[in-house]
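All remarks here apply to the structure that follows.
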Amino acid sequence: MWGIAILCQTFNQKGQENQPVTAAGGGNCGRKPLVTSRVQRFLRNLAVQNRRASRSDLQGRFQEAGSSGSVTKIGGHVLFATDDWFAPAENLLKYEDPVFKVGLYTDYGKWMDGWETRRKRKPGHDWCIIELGMPGIIKGVEVDTAYFTGNYAPKFSLQAVQLKHDDDAKFPSRQIDAMGTECSDEALALVKSMKTENWQELIPMTPLTAGYINTSRKFFKINSDKVYSHIRLNIFPDGGIARLRIYGQVLHKVDFSIKEEIDLVAMKNGGVCHSYSNAHYGHPKNLICPGVGKNMGDGWETARRIDRPPILQADERNILQVPGNEWAIFRLGCIGKINKVHIDTNHFKGNYPDSAKLEGGLLKNGVIDWKIVLPTTKLSAHAIHEYHSEDMLHFGPFSHVRVTIMPDGGISRLRIFGQPIQEHPEI
Ligand SMILES: NC(=O)NC(NC(N)=O)C(=O)[O-]
């Protein structure tokens, strides 16, 4: 399971939750009228209430928040937020854990690593819409209020929707404004077209707690088999949340009529990390994320396989090395035959594995009979290792692959290129 990132909620002037409205409008001002007069009033109020920040100020604040270098994994992004005064909603999606910077203030207030809106002096509440990186079945949600102590959002709720293909036109990239999303006419039209009666409540209005260490993260199990493409996070009435993580299963239908090679294990093609031996510094699900790994944290990195009490001398380490290797198993997006493999040790320079082995297997009656695809092969630092059919002992068809790294270390990406053959017959 992996993060498929987030979406938005009911706008309600009376501060009540879960009131469906026919259109969702946003906190910009001086723009095209929105759908309801209620929304128009809301926008006008904002315009009067607030000064407008200059674009360069906002740019600086946004970058200061570290968003430019952050990893949002599989492409979830914020479409809209009612207010971004203290800290922009994009921070919710940052892959890195939240941090606190003592004494760092911006022109807007204390710098915070999360989404933080102003203290509301009007009825209503804040909300934002996030498009998931990929449509999928949501299984779990994590809300983290880390470091928001006197300013955390007291309550939140979460809604989700699967937008029809027609509605799913891309929003233009969001122009952050302290007062909220600065919408283009196209974006406004899209917000307007999001039929809020179709939004389903995944988590009802729920209290949050202050973001002290070890108590800031709250997990919610979601029992739904529906596919969603967008979520809507509501905070009541205002305040800050550091991170929002949406976990679930990416929905992907492989087109078997196209005879082209695909990356069978890629998350975007339905690949899933099934199990692993160790994920001390980085989870193996990172191996199947899109794009190039941003840093070591965006790869799979195990702990050193050494159990060395401090009294031991360096030359005694070998005796205590934990026997065995580290491994991770992936379920391919569909059953397929392998043509080419990439093992990328990008960023792993002093800690790349000595060698790696790749096996493939077909799940039958709950059992996998593993066959060697790539025998144990030496790796090198910070490089893409490409293997072709002449390097392989078996090609499949396989439903799963197992990569073993010896004895430990880190790799950044695993690509299993091949021909899709058929859907998995069993879950
Ligand atoms: N010290 C604060 O954090 N104050 C305010 N928030 C920020 N970020 O400045 C507030 O009122 O919530």
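Numbering of ligands and ligand atoms starts at 1, following listing order. All values below come from the heavy atoms of this structure, side chains included, with hydrogens, waters and symmetry mates left out.
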Of all protein heavy atoms, the one nearest atom 3 (O) of ligand 1 is Asn151 ND2, 3.2 Å
Would you kindly check if the NZ (Lys) or CZ (Arg) of Lys110 is within the cone defined by 45 degrees around the ring axis of Phe100 and under 6.0 Å from the six-membered ring centre?
->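 Yes, Lys110 and Phe100 form such a contact.
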Interfacing atoms of ligand 1 (cut-off 4.0 Å, heavy-atom, Gly109) |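 Matching atoms, with element in brackets: 9 (O).
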Report, in ascending order of atom number, the atoms of ligand 1 lying under 4.0 Å from any heavy atom of Met112.
-> 8 (N)
Check: Phe86 ring centroid to Phe148 ring centroid under 6.0 Å =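 Ring centres of Phe148 and Phe86 not closer than 6.0 Å.
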Using a distance-only test with no angle check, is there a side-chain donor-acceptor pair under 3.5 angstrom linking Asp126 and Thr82?
-> yes
Ignoring hydrogens, just give me the one of Lys110, Glu116, Arg119 whose non-hydrogen atom is nearest atom 6 (N) of ligand 1.
->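 Heavy atom nearest to atom 6 (N) of ligand 1 belongs to Glu116.
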Determine the interplanar angle of the His382 and His347 rings, folded into 0 to 90°, and report it as parallel if under 30°, tilted if 30 to 60°, perpendicular if over 60°.
->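 Answer is tilted, since the angle falls between 30° and 60°.
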